[in-house]
Q: 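Below you'll find the structure I mean.
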Amino acid sequence: MDKSTQLENAAIDAAIKLNWPEAIKLNEEIIKSDKKNVDAYLRLGFAYLQQGKVKAAKKFYKKALGLQPGNYTIISNLDRIKVLETKKMKKSTDVNLNPYLFLDIPSKTKSVVLVNSGQKAILAKLTIGQELQLFPKKRRIEVRTNDKEYVGCLPDDISKRMTIFIKAGSVFKCYVKESTLKEITVFLKEEKKGRKVTKYASFPVNVQANLSNITLSTNKDDSEFGEDEEISEVDLDKLAESLSEEKEFLDYGGEDKDEEAEE
């Protein structure tokens, strides 16, 4: 393996581990010997953007655009930078990144594309690895920043399931995984499972799966159920009804007229 290939692999590995200073160092070394390496310019722009260094990011994205006019990824990131410059904002730089943050754990983690995305001025500030907050509403779960700025909503099926699990005592965390001005992907992670859903998978492969052989009974001891079993839609609704006796009723019928409209 030649030196240039080694540097490319090391630069990619640094980005995967979210080690932006190391990624910048390696990509700058690549460019010294190959001034037409578009991928290196793209990685530099992205790394600087993640650190909130908008001016430097713009410089390298423009260099990349000069080599590949019309590249959608480059144009998209330059549009994002334009929003940041127009609003005179800086991206969040206080994210303490864990290289294993996005480690996929079957039934306990899930990557989800948000729906009804928020304002571009808010989305432009998001940083990979940034923790977001979940706000269960009547029919959906909103995703907001720590400053309560609206980012988007979880899809209806995920919202319904997670709302019920949260009412049952489960705790979830949410992080920015991918971010553009048009689409936000978040990484959901189960931190704690509620007692009444101890034996059920928080994120099965198919949340719509209907396994009729699983019957929910809140009177039964949790030990009677297998580990990380699926729960049918019928039994999920039964669980919601049982929880309504203790907490606010979980209603998934009709429109939620009380929800705040987001631009």
Q: Does the side chain to side chain contact (heavy atoms under 4.5 Å, CB included) test come out yes or no for Leu132 and Val176, once each step is laid out?
A: CA-CA 7 Å; Leu132 300 173; Val176 177; 3.6 Å; yes
Q: Looking only at the aromatic ring of each residue, does the gap between the centers of Tyr61 and Tyr48 stay below 6.0 angstrom?
A: no
Q: Applying side chain to side chain donor-acceptor pair (under 3.5 Å) to Asn146 and Glu131, what does each step give before you reach the verdict?
A: CA-CA 8 Å; Asn146 287 337; Glu131 184 172 359; 5.9 Å; no
Q: Could you go through the side chain to side chain contact (heavy atoms under 4.5 Å, CB included) check for Lys177 and Ile128 one step at a time?
A: CA-CA 5 Å; Lys177 186 173 183 182; Ile128 290 180; over 6 Å; no
Q: What distance separates Leu154 CG from Leu114 CG, expressed to the nearest 0.5 Å?
A: 6.0 Å
Q: With side chain to side chain contact (heavy atoms under 4.5 Å, CB included) as the criterion, how do Leu44 and Lys63 come out once you've worked through the C-alpha distance, each side chain's angles and the decisive distance to 0.1 Å?
A: CA-CA 11 Å; Leu44 273 170; Lys63 284 182 177 293; over 6 Å; no
Q: With a 4.5 Å heavy-atom cut-off, do Lys3 and Glu29 have their side chains touching?
A: yes
Q: Could you tell me the separation between the NZ atom of Lys173 and the CZ atom of Phe187, rounded to the nearest 0.5 Å?
A: 13.0 Å
Q: Answer with yes or no whether the hydrophobic clustering places Ile31 together with Leu67; edges join I, L, V, M, F, W, Y residues whose side-chain heavy atoms lie under 4.5 Å apart.
A: yes
Q: Assess, by modelled atom type and distance only, whether the side chains of Arg139 and Thr163 contain a donor and an acceptor separated by less than 3.5 Å.
A: no
Q: Can a salt bridge be assigned to the pair Glu85 and Lys58 using a cut-off of 4.0 Å between side-chain N and carboxylate O?
A: yes
Q: Tell me whether Arg80 contacts the main-chain N or O of Leu49 through its side chain, where contact means a donor paired with an acceptor under 3.5 Å.
A: no
Q: Within a strict 4.5 Å, meaning less than it, do heavy atoms of the Glu149 and Lys125 side chains meet?
A: yes
Q: State, to 0.1 Å, how close Gly45 and Ala57 come at their nearest heavy-atom pair, and which atoms those are.
A: O-CB, 3.3 Å
Q: Looking at Lys110 and Glu190, is any side-chain nitrogen of the basic one under 4.0 Å from a carboxylate oxygen of the acidic one?
A: no
Q: Test ring-ring contact (aromatic ring centres under 6.0 Å, His included) on Phe203 and Phe172; report intermediate values, then the result.
A: CA-CA 11 Å; Phe203 303 112; Phe172 300 93; 5.6 Å; yes
Q: So does Ile141 get a backbone contact from the side chain of Ser159, meaning a donor-acceptor N/O pair under 3.5 Å?
A: yes
Q: Given 3.5 Å as the limit, does a donor-acceptor pair link the side chain of Gln130 with the main chain of Thr127, or not?
A: yes
Q: Before accepting this row, confirm whether a basic side-chain N of the pair Arg161/Asp157 lies closer than 4.0 Å to the acidic partner's carboxylate O.
A: no
Q: Before giving the answer on side chain to side chain contact (heavy atoms under 4.5 Å, CB included), spell out for Ser179 and Thr185 the whole-Å C-alpha distance, their side-chain angles and the decisive distance to 0.1 Å.
A: CA-CA 6 Å; Ser179 173; Thr185 300; over 6 Å; no
Q: Verify the cluster assignment for Val186 and Ile166: are they in a single hydrophobic cluster under the rule of side-chain heavy atoms below 4.5 Å apart?
A: yes
Q: Can you measure from CG (Leu18) to CD (Gln50) and round to the nearest 0.5 angstrom?
A: 8.0 Å
Q: With the side chain counted from C-beta on, respond yes when Val151 and Ser117 share a heavy-atom pair under 4.5 Å apart, and no when they do not.
A: no
Q: Can you list, pair by pair, the side-chain donor-acceptor contacts under 3.5 Å of residues 71-78, counting residues two or more places apart and other chains?
A:
residue, atom, partner, partner atom, Å
Asn71, OD1, Thr73, N, 2.9
Asn71, OD1, Ile74, N, 3.2
Asn71, ND2, Gln68, OE1, 2.7
Asn77, ND2, Thr73, O, 2.9

Q: I need the single residue from Ile30, Ile24, Leu26 that forms a side chain to side chain contact (heavy atoms under 4.5 Å, CB included) with Arg43. Which is it?
A: Ile30
Q: Would a hydrophobic clustering, with Ile, Leu, Val, Met, Phe, Trp and Tyr connected at side-chain separations under 4.5 Å, put Val38 with Phe60?
A: yes
Q: Between Asn27 (side chain) and Ala23 (backbone), is there a donor-acceptor pair under 3.5 Å?
A: yes
Q: Kindly compute the distance separating CG (Asp34) from NZ (Lys36), expressed to the nearest 0.5 Å.
A: 9.5 Å
Q: Is Glu191 paired with Lys108 through a side-chain N to carboxylate O contact shorter than 4.0 Å?
A: no
Q: For Lys35, is there any backbone N or O sitting under 3.5 Å from a side-chain donor or acceptor partner on Tyr41?
A: yes
Q: Just how far is it from atom CG of Asn116 to atom CD of Glu142, taken to the nearest 0.5 Å?
A: 9.5 Å
Q: What's the separation between atom OG in Ser4 and atom CG in Asn9, rounded to the nearest 0.5 Å?
A: 9.5 Å
Q: Any chain of hydrophobic side-chain contacts (each under 4.5 Å) joining Leu42 to Val54?
A: yes
Q: Looking only at atom types and distance, does a side-chain atom of Lys193 sit under 3.5 Å from a main-chain N or O of Tyr200, one as donor and one as acceptor?
A: yes
Q: If you take all heavy atoms of Thr109 and Lys189, which pair is closest and at what distance?
A: CG2-CG, 4.0 Å
Q: Quick one: are Gln133 and Val143 in side-chain contact, heavy atoms under 4.5 Å?
A: no
